[in-house]
Amino acid sequence: MQYGMIIDLNRCIGCHACAIACKAEWDVPADKGRNWVHRLGPAKTPEGLASTYYPGLCNHCNQPACVDVCPADTVEKTFTDGKTGQTKTMQVAATYKDPFNGTVQIDQDRCLGCGACADACPYSARYVNKDIVNEEIGGEGIADKCTYCMPRVEKGLQPACVQTCLANARIFGDLDDPDSEVSQYVKKGAVGLTSTAVSIGPNSRYYGNKKDMHLLTSTSTPTGMPAASLRRSLLARLKPEMKKVKNLGMLGLAGAVVLKELSEDEGK
Amino acid sequence: MSIKMTRRKFLQTTSLAAASIPLAKVVSAETGFAPNKFTAPGSAVATETVTGGVCEMCFWRCNVVGKVRDKKLVKLEGNPKGIDNGTAICARGNAGIKLLYDPDRLKYPMKNIGERGNPKWKRITWEEALDECATKLKAVETKYGAHGIAMFPHGASAKYPMEYLENVIGTHNVSEASFFQCRGLRDTGYMATFGTPPGENVDMANAKVIFLVGDHLGENVHVSHLKRYLKGLENGAKLVVLDPRYSASAAKSDIWVQIKPGTDTAFMLAVMNYLLEKDKYDKKFVGERCVGFEKFKKGISHASLDWAAKICDVPVEQIQEVADLLAANAPNVSIHPGRHVSWHGNDFQRMRAQGCLTALLGAIGVPGGFVKPKGPKVKGIGWPKGEHSGEHNLRLMADKHHYSPPGTPTDLIREACLTGKPYPIKACVIWGQNPMQTIPNQQKTIDALKQMDFVMCVDVMPTDITMYADILLPEASYLERYDYIKTGTQWNFADPHQQFIAPRMPLVEAMFERKDQVWITNELATRMGYADKIPVKSLEEKIDKELATVNLSLEQIRKEDGIHLQPGKDPYGVAEDFEVLLYNEDLEDSGYPGVPTYIPVEETPKGFARLVYGRSPVHTFNRSQNNVWLNHEMPVNPVWVNDDVANKLGLQDGDEVSLVNSEGVVSSATSIIKSTPGIRKDTIYIAHGYGSRNPMMTAGFKKGIDDQELITKLAVDPETGCHGMRNNFVKIVKNGKTLDISA
């Protein structure tokens with residue numbers, strides 16, 4: 001099973017309800033978004049004058065760039081298939097791809113808030129929510145992003161953005177099920193935003209007429225993978241140490257200097 | 001789970017200074033809440049669903065339910081029982097909780113101890129506030145008469161106090177922005193043609209052609225309205241859009257007519273003349289239902305395609321293409337009546353032309369045409385109508401604007417304020433409206449207010465107009481009070497016929513000292529000596545009594561999850577006595593054209609572009625500027641300028657600019673350039689509802705450009721007295737340099 005979302009640009013009217021419903025559902029900070037709408041154009045395309053929207057969200061990628069960069073210690077986690085009851089046990093850091101439903105999720109209890117995953121995402125689908133902290137670990141916030149509303153879906157509800165869409169422009173379902181509406185859209189030509197450099201199997205896909213799709217893909221496809229942030233991952237590795245020693249002096253001189261530099265860097 | 005809300009977040013939302021008090025014990029003075037232990041978000045867990053909400057982030061009023069946790073509303077959703085908006089609500093509807101808990105919201109009655117426009121606020125008790133309001137209003141009533149009081153109302157909550165002023169005190173000087181700066185002339189224009197106001201009722205869901213005159217559906221969002229529009233497009237309707245800008249609707253159109261602003265009437269006259277000349281109109285409908293055909297035919301015979309092409313600055317072939325498309329798909333054609341239509345001071349005639357075109361196509365009472373849904377009628381309970389003559393009715397006194405919507409045209413009131421003639425107006429009640437950002441020429445409004453003996457404002461938020469209040473009263477919002485009974489039918493007229501009745505019920509209790517309109521008005525009436533006229537003791541009682549007129553009650557509605565459903569009636573067909581006045585003799589007798597007529601607009605002066613404004617999907621008029629969620633979606637209103645023009649001027653996307661109008665008024669705030677081929681070279685566009693100048697609005701203050709500030713040149717529609725607001729011309733200012741647009 002692989003959950004996915006289709007956004008039908010022929011229907012979308014760019015009202016931003018999806019973005020705001022998501023904010024309300026998940027108490028997203030006002031200046032952040034798990035879910036966004038960018039207005040594109042009017043601009044000339046080879047297919048004629050076009051104006052459309054980029055309603056974006058996490059792509060729950062087949063090869064997610066955000067999972068492997070997580071510096072949190074791994075733990076053993078057992079996943080259960082909601083349908084068959086089958087289980088699978090894996091070693092995961094604080095973020096992982098669910099082996100059964102294909103969604104990419106975050107264990108907020110274990111997130112260090114380092115932001116490495118946010119930096120790694122070529123779609124900028126993640127952010128660090130600085131309004132919440134993990135008291136046991138410390139840190140500056142907790143990484144957050146679209147979960148495809150799994151807590152709602154598990155209760156038989158639609159994702160918040162889908163439920164509120166007046167245009168029925170957002171369709172959620174299982175891409176592995178050939179009969180699902182989302183699969184039908186893929187057959188009709190719904191595509192993810194991929195380029196030669198960014199080809200990590202996005203599962204949020206777009207469908208629309210030629211001119212709108214041209215405008216969307218030419219303006220909103222990432223053209224390169226973000227460079228891994230050394231500073232971020234270093235900081236992330238130092239933080240648990242800080243928590244353990246509870247005294248900066250015990251980190252040793254070198255450690256303290258590194259930390260000071262990093263903190264200054266952070267302040268810039 | 002060990003996740004906690006940070007102190008930073010709490011401080012951020014409260015601006016709390018006393019850092020030494022243990023956080024959990026502090027109840028925020030701004031939000032009214034103590035910080036909770038962190039609860040994992042998610043509206044589907046540990047919440048109670050409260051039904052009976054009726055949205056009022058805009059006037060469309062969708063049915064909503066609230067998800068409530070620990071007495072706090074955490075989310076709004078469409079009421080799944082609804083047959084209008086269903087589970088869908090728009091961005092603004094979703095953002096309602098950010099209005100509800102906006103830390104900048106008005107909380108207590110306040111007295112202005114500074115000056116009007118430059119206020120200093122002192123918190124006072126309701127007793128003090130009501131005593132002062134009543135004393136001052138009574139003093140003006142006694143000295144100058146009831147007509148010495150003017151009112152600017154807006155929204156569901158303003159109806160009860162408005163009726164008090166009109167029916168009991170007896171002033172005619174009430175001006176609603178929804179009429180005089182918006183749709184009033186549409187209603188009277190269609191009434192002078194069809195005998196009925198149109199609303200937005202056109203059966204787009206079942207149309208073969210949808211014809212939009214400047215409507216930018218998509219940027220202008222009302223849920224069930226757009227469901228009809230999108231259903232029509234999904235079913236294959238052809239979309240024709242007249243707009244100088246490649247709007248959200250133009251982007252979905254089959255034919256985009258890039259029309260010169262102000263000339264739409266000429267376009268429609270030519271289409272109609274062509275249909276008559278080519279025998280492409282509905283002869284049966286015209287023969288049976290239309291009055292004055294010969295005079296009409298003669299009256300528009302000058303309107304050739306060539307004539308219109310020149311005026312409208314569009315190709316002859318395109319006008320013909322539109323006319324042929326309409327004729328080929330008649331009668332299943334939706335000519336949208338529009339909503340905000342007071343554009344150029346020649347707009348009543350455009351409404352008449354739209355109505356006549358609809359009739360020539362026979363597109364009335366048929367699938368896809370002009371169809372009025374048959375909803376339930378619930379009787380209102382309100383103030384008794386007193387005996388008041390028209391003796392002090394400014395419109396009758398001036399013998400002008402004979403097709404005015406109800407109330408008094410705004411500029412007749414403002415002129416009386418400024419000149420004292422024909423009589424002085426010395427007190428002003430402003431309830432839910434922000435005339436500073438709705439009425440053109442702000443300086444005139446300021447001058448009118450400054451000469452008052454007393455100004456009171458009632459609102460949920462501080463706005464640009466509340467800065468001019470002497471007494472400012474905090475109102476309960478639409479989520480905290482009973483009110484307004486929403487009625488209607490299933491959204492798609494072709495579906496099985498159903499009706500609904502849904503009164504607004506509070507989803508949470510009002511916080512701080514906010515009060516509803518019935519309480520406030522009754523308290524004022526008691527103090528002004530009209531206690532015996534009070535029709536109901538509470539808003540709850542009012543709604544219950546109104547429901548009783550259709551054998552319902554609040555108790556019953558609660559049992560029915562907020563919405564009462566009942567069988568409906570077929571909306572199609574035409575009433576036996578329905579007729580269309582293609583030529584209207586009464587209009588001519590009053591000195592206006594009897595046949596729809598194009599009245600030319602002023603040409604754009606050299607070096608300028610015409611300023612055109614419209615809606616942003618995330619804002620309602622100027623009311624939602626401070627909503628932090630909506631604000632974040634579109635923090636400023638980009639200045640649309642044609643890319644060729646921008647290139648010549650050296651302007652690029654994102655450049656920070658201000659605008660200056662032809663009368664020398666410079667916008668107080670700035671915005672950013674949006675350089676695009678999707679707008680005419682002679683036109684500049686910004687979305688309305690930005691650039692508040694009230695610093696109490698910490699999120700919206702001076703964000704973007706206030707179009708209203710630049711609309712200083714007045715245009716008044718002669719038939720109706722409504723304000724045309726697209727007759728102003730602007731230049732772009734960058735880095736202090738004013739750029740000549742034709743350069």
Side-chain angles (χ1 to χ4, degrees), chain A residues 10-33 36-37 39 41-44 49-53 108-109 111 129-137 140-142 149 151-152 154-155 157-158 160 162-169 209 211-212, chain B residues 1-6 8-9 12 38 40-45 67 74-78 85-95 97-98 217-219 221 223-224 226-227 229-230 233-234 245-252 256 617-618 628-634 676-679 699:
Chain A
N10 290 343
R11 293 181 178 172
C12 177
I13 41 117
C15 77
H16 293 243
C18 46
I20 304 290
C22 178
K23 273 204 155 88
E25 181 69 36
W26 300 112
D27 199 15
V28 178
D31 61 343
K32 301 279 195 274
W36 58 88
V37 180
R39 185 171 190 170
K44 287 175 186 132
L49 190 60
S51 178
T52 189
Y53 312 94
Q108 296 203 321
D109 269 348
C111 175
N129 183 347
K130 296 199 170 182
D131 291 344
I132 48 175
V133 291
N134 197 326
E135 288 204 328
E136 277 164 25
I137 299 175
E140 295 189 349
I142 288 179
C149 273
R152 287 176 61 93
E154 280 158 12
K155 284 181 159 280
L157 299 168
Q158 289 278 2
V162 175
Q163 176 179 288
T164 205
C165 180
L166 70 94
N168 297 322
N209 63 40
K211 61 178 188 168
D212 289 351
Chain B
M1 194 177 251
S2 57
I3 295 169
K4 299 270 197 293
M5 182 191 274
T6 60
R8 192 183 71 84
K9 158 124 176 181
Q12 217 174 37
F38 179 79
S43 75
V45 181
K67 301 284 176 177
V74 297
K75 193 175 179 226
L76 290 158
E77 294 185 350
N85 58 295
T87 60
I89 50 174
C90 72
R92 297 159 297 157
N94 273 294
I97 58 173
K98 283 293 166 189
L217 304 183
E219 286 153 310
V221 177
V223 174
S224 54
L226 287 194
K227 281 163 78 169
Y229 164 71
L230 288 165
L233 295 184
E234 189 187 328
R245 184 175 65 97
Y246 199 65
S247 65
S249 288
K252 292 201 184 304
W256 172 39
V618 298
V628 288
W629 283 350
L630 298 175
N631 184 289
H632 175 259
E633 292 300 301
M634 288 187 193
T676 171
I679 190 163

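Sequence lines set the chain letters: A, B, ... in the order given, protein chains first and strands last, and positions in each chain run from 1.
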Exam field: side chain A:E25 to backbone B:S43, donor-acceptor pair closer than 3.5 Å: yes
Heavy-atom proximity to chain B below 4.5 Å, by part of A:K44: both
Between CD1 on residue A:I20 and CD1 on residue B:I89, distance to nearest 0.5 Å: 10.5 Å
Pairing residues for B:Y246 by the ring-ring contact (aromatic ring centres under 6.0 Å, His included) criterion, not counting sequence neighbours: B:W256
Side chain, backbone, both or neither of A:A43 within contact of chain B (heavy atoms, under 4.5 Å): backbone
Exercise: identify the closest heavy-atom pair between B:A251 and A:S51: CB-O, 3.5 Å
Residue part contacting chain A, namely of B:V223, when any heavy atom lies under 4.5 Å: both
Region of A:L49 that comes under 4.5 Å of a non-hydrogen atom in chain B: both
Most contacts with chain B, counted as non-hydrogen pairs under 4.5 angstrom, among A:D31, A:I13, A:T164: A:T164
Partner residues of A:Q158 under the side-chain contact (heavy atoms from CB on, under 4.5 Å) criterion, sequence neighbours left out: A:V162, A:Q163, A:F172
Non-hydrogen atoms of A:A24 and B:K75 that approach each other most closely: CB-CG, 3.8 Å
Part of B:S224 lying under 4.5 Å from any heavy atom of chain A: neither
Separation between NZ of B:K252 and OG1 of A:T52, rounded to the nearest 0.5 Å: 6.0 Å
Nearest non-hydrogen partners of B:C90 and A:A17, listed with the distance: C-CB, 3.5 Å
Under 4.5 Å from a heavy atom of chain B, the part of A:A50 involved: backbone
Contacting moiety of A:C149, where chain B heavy atoms sit under 4.5 Å: neither
Reported CG-to-CG distance for the pair A:L166 and B:L230, which is rounded to 0.5 angstrom: 6.5 Å
From NE2 (A:H16) to CG (B:N94), nearest 0.5 Å: 13.0 Å
Contacting moiety of A:C15, where chain B heavy atoms sit under 4.5 Å: both
Top of B:L226, B:N631, B:L233 for chain A proximity - count of heavy-atom pairs under 4.5 angstrom: B:L226
Spatial distance of atom NZ (A:K23) from atom CD (B:E633) [nearest 0.5 Å]: 5.0 Å
Proximal component of A:N10, with respect to chain B [non-hydrogen, under 4.5 Å]: backbone
Top contributor to chain B interface from A:A21, A:G14, A:A169, A:C111 [non-hydrogen pairs under 4.5 Å]: A:A21
